[in-house]
Amino acid sequence: MAIHTLLFASLLIFSLIPSSREGNKGRLFSVLQNSLDVTGKPVQDGVVLEAGKDMVTIKWKLKSSGKVDADATFKTIQVKLCYAPISQVDRPWRKTHNELFKDKTCPHEIVSKPYDKTPQSLDWTVDLDIPTGTYFVRAYGIDGDGQEVAYGQSSDEGRTKNLFSVQAISGGHVSLDIASILFSVFSVVSLLVFFVKEKKKAKLEQRE
Amino acid sequence: MEVEGKGGEAGTTTTATRRFALPVDAENKSTTFRLFSVAKPHMRAFHLSWFQFFCCFVSTFAAPPLLPIIRENLNLTATDIGNAGIASVSGSVFARIVMGTACDLFGPRLASAALTLSTAPAVYFTAGIKSPIGFIMVRFFAGFSLATFVSTQFWMSSMFSGPVVGSANGIAAGWGNLGGGATQLIMPIVFSLIRRMGATKFTAWRIAFFIPGLFQTLSAFAVLLFGQDLPDGDYWAMHKSGEREKDDVGKVISNGISNYRGWITALAYGYCFGVELTIDNIIAEYFFDRFHLNLQTAGIIAASFGLANFFARPGGGIFSDLMARRFGMRGRLWAWWIVQTLGGVLCAFLGQIHSLTWSIVVMLIFSVFVQAVCGLTFGVVPFISRRSLGVISGMTGAGGNVGAVLTQLIFFKGSTYSRETGITLMGIMSIACSLPICFIYFPQWGGMFCGPSSKNVTEEDYYLAEWSSKEKAKNSSQKFAETSVSERGRASTHPQT
């Protein structure tokens, strides 16, 4: 009976796991062409941006110094928010990997647009769920098969320049704090009430 | 004064031959286990205690499945997360030891409900934390509630007789531990529901924590309102009426800690239950990060580890009872050692696997083994001491948590070892720490490699030896000695005295 349950559980698990990723396995970041010119500047320099409030002006275009047909295969441009190395320290879930499907440097998508040869610009308000950290912006040129073929980023290769900082929202609310206190007090007080009742009952039994 | 007529059902003084719904032994402990009954007091106690323990487990491990969100909100590092994981299981080391004595003194009903209600605030306050320190602190205090394990085992050992105590202990603890698996499913679902109602990610996870908190509070109420410490009544009432004589706390404790078997069970339990706790803390993140799954999927896989507790731990307890029927205590010991060693082998294996599918398969088999061992351990614990049952249960339970603390400290803190390597090393340590089981020896029944003592020690000698000649041994020790004769197994090598 235990074996049947185990097998059934396994079947259930396997059926729930999404099918493996398509095609991207093995594609490396290092083979991508750096053919995009990307800048990401906060509205005010040197200030920590507040998630949900402050804006970053992002510009991207094809590098004029690059090959003539560098953008021949581009179908989409995907602009992403990426962690600077300082925000990756002691956080293996943000680690940079050369294999693109493993790479966790740029988990937050800013925008994904069909490729336009003209220089593009976007004023992006930092999303509410962006964590506290130091960031730069990267744009990927994606071909018709959904594969990355080129990139560009607002920082240098070592990802140390032109960074900006974001302060996340706390997520807390006064109403939550009040509810916590109320429920806690209720739990403790009801415990005391029960204790007193028990003592009284014990005294009664003793008198019988 | 006749024990039969006092306490228990309020006011009734009946001399009917059967006052209980289930057949009972000399101590009024049930000799059978009927899962689908809620009859007072035995089966009701069972259902109340496992459910309360389940709720405490859900609360203690409510954070791990939501860590991918929490770590971003609070800006946690891997070190912070490791420390919080250690904190979550270290609080109850102390609490479990104290709980054993508290049960001996106040009864499992009050002791467990008091703990559950006083740790619920930690769960509620999780909604308001703003920093890594806050996170570590709430996990630390919420983790104290895992000490309700000791009260569960104590309560079951007080309500159920020798031949079924392993099963009762195993099922109660198993279904409680189920909480560690259920929470990996419940919390992501609650989180998505709250998100759908419009909350941002960083607020939704906070609101989600009220659910485990509420369940914890309500389960404690149920225990206080509907539960009863002993088949004959409640501790306080019985203390006052003079039926239960108070024992000397100091003697109870010293008798317990001087029994070497309690230390061996504590160590062994550290490497079966400790392993289970560690896995509860790390497995969702392991699958999320290593195999690049999403939160829901990682949660489902992580849950399946803990969900095996539904049948695996009870299975261990039942298996222990089955072995005892045929081979007595020696059978219980052998089964325990073999299953624990095999569990360690599977754990070591798990860390070496690179494929997702096989990781899941091995993890599932490993989960059945490691949880069965927990059940097998508590098939032996009730027999180690009668006078200090609470202390031994507490020591063993605490040992489980110490194992979890040590394992997370050595193998899962920061980035010294990769998670895969940590899991393998944990398996190897598990094999090593189950070897001392070979040294457990009961003079009346024997050990793994030795038969019973040639001096013809009886169960009575063993249990009454816990009292010095000056102290008056309680009737319950005498009665327990009589009922535990079944641990000799079918082929009795002792001539009847």
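Below, chain A is the first sequence line, B the second, and so on; all start at residue 1. All values below come from the heavy atoms of this structure, side chains included, with hydrogens, waters and symmetry mates left out.
Minimum heavy-atom separation, Ala114(B) to Leu191(A): CA-CD1, 3.5 Å. Residue Lys104(A) comes nearest to Phe288(B) through the heavy atom pair NZ-O, 4.2 Å, listed as atom of the first residue, atom of the second, then distance. Minimum interatomic distance between Trp93(A) and Asp289(B) (heavy atoms only, all atoms of both residues): CB-OD1, 3.5 Å. The shortest heavy-atom contact between Leu76(B) and Arg91(A) is O-NE, 3.1 Å.
If you measure heavy-atom distances from Lys95(A) to chain B, you find no contacts under 4.5 Å at all. With a threshold of 4.5 angstrom between heavy atoms, Phe183(A) approaches chain B through its backbone and through its side chain.
Between Phe221(B) and Phe186(A), the ring-plane angle classifies as perpendicular under the 30° and 60° cut-offs.
Donor-acceptor pairing under 3.5 Å is recorded for the side chains of Asp90(A) and Thr79(B).
Ile169(A) is not listed as a side-chain neighbour of Lys201(B), based on a closest heavy-atom distance of 4.5 Å or more.
Put simply, of Ile181(A), Leu192(A), Leu182(A), the one with the most heavy-atom pairs under 4.5 Å next to chain B is Ile181(A). Interface remark: of the candidates Ala179(A), Ser180(A), Ala168(A), Ser180(A) forms the most heavy-atom pairs closer than 4.5 Å to chain B.
Remark: Lys63(A) NZ is packed, more than 12 non-hydrogen atoms of other residues, nucleotides or ligands lying under 6.0 Å away.
Between Glu72(B) and Arg94(A), at least one side-chain nitrogen of the basic residue sits less than 4.0 Å from a carboxylate oxygen of the acidic one, meeting the salt-bridge criterion.
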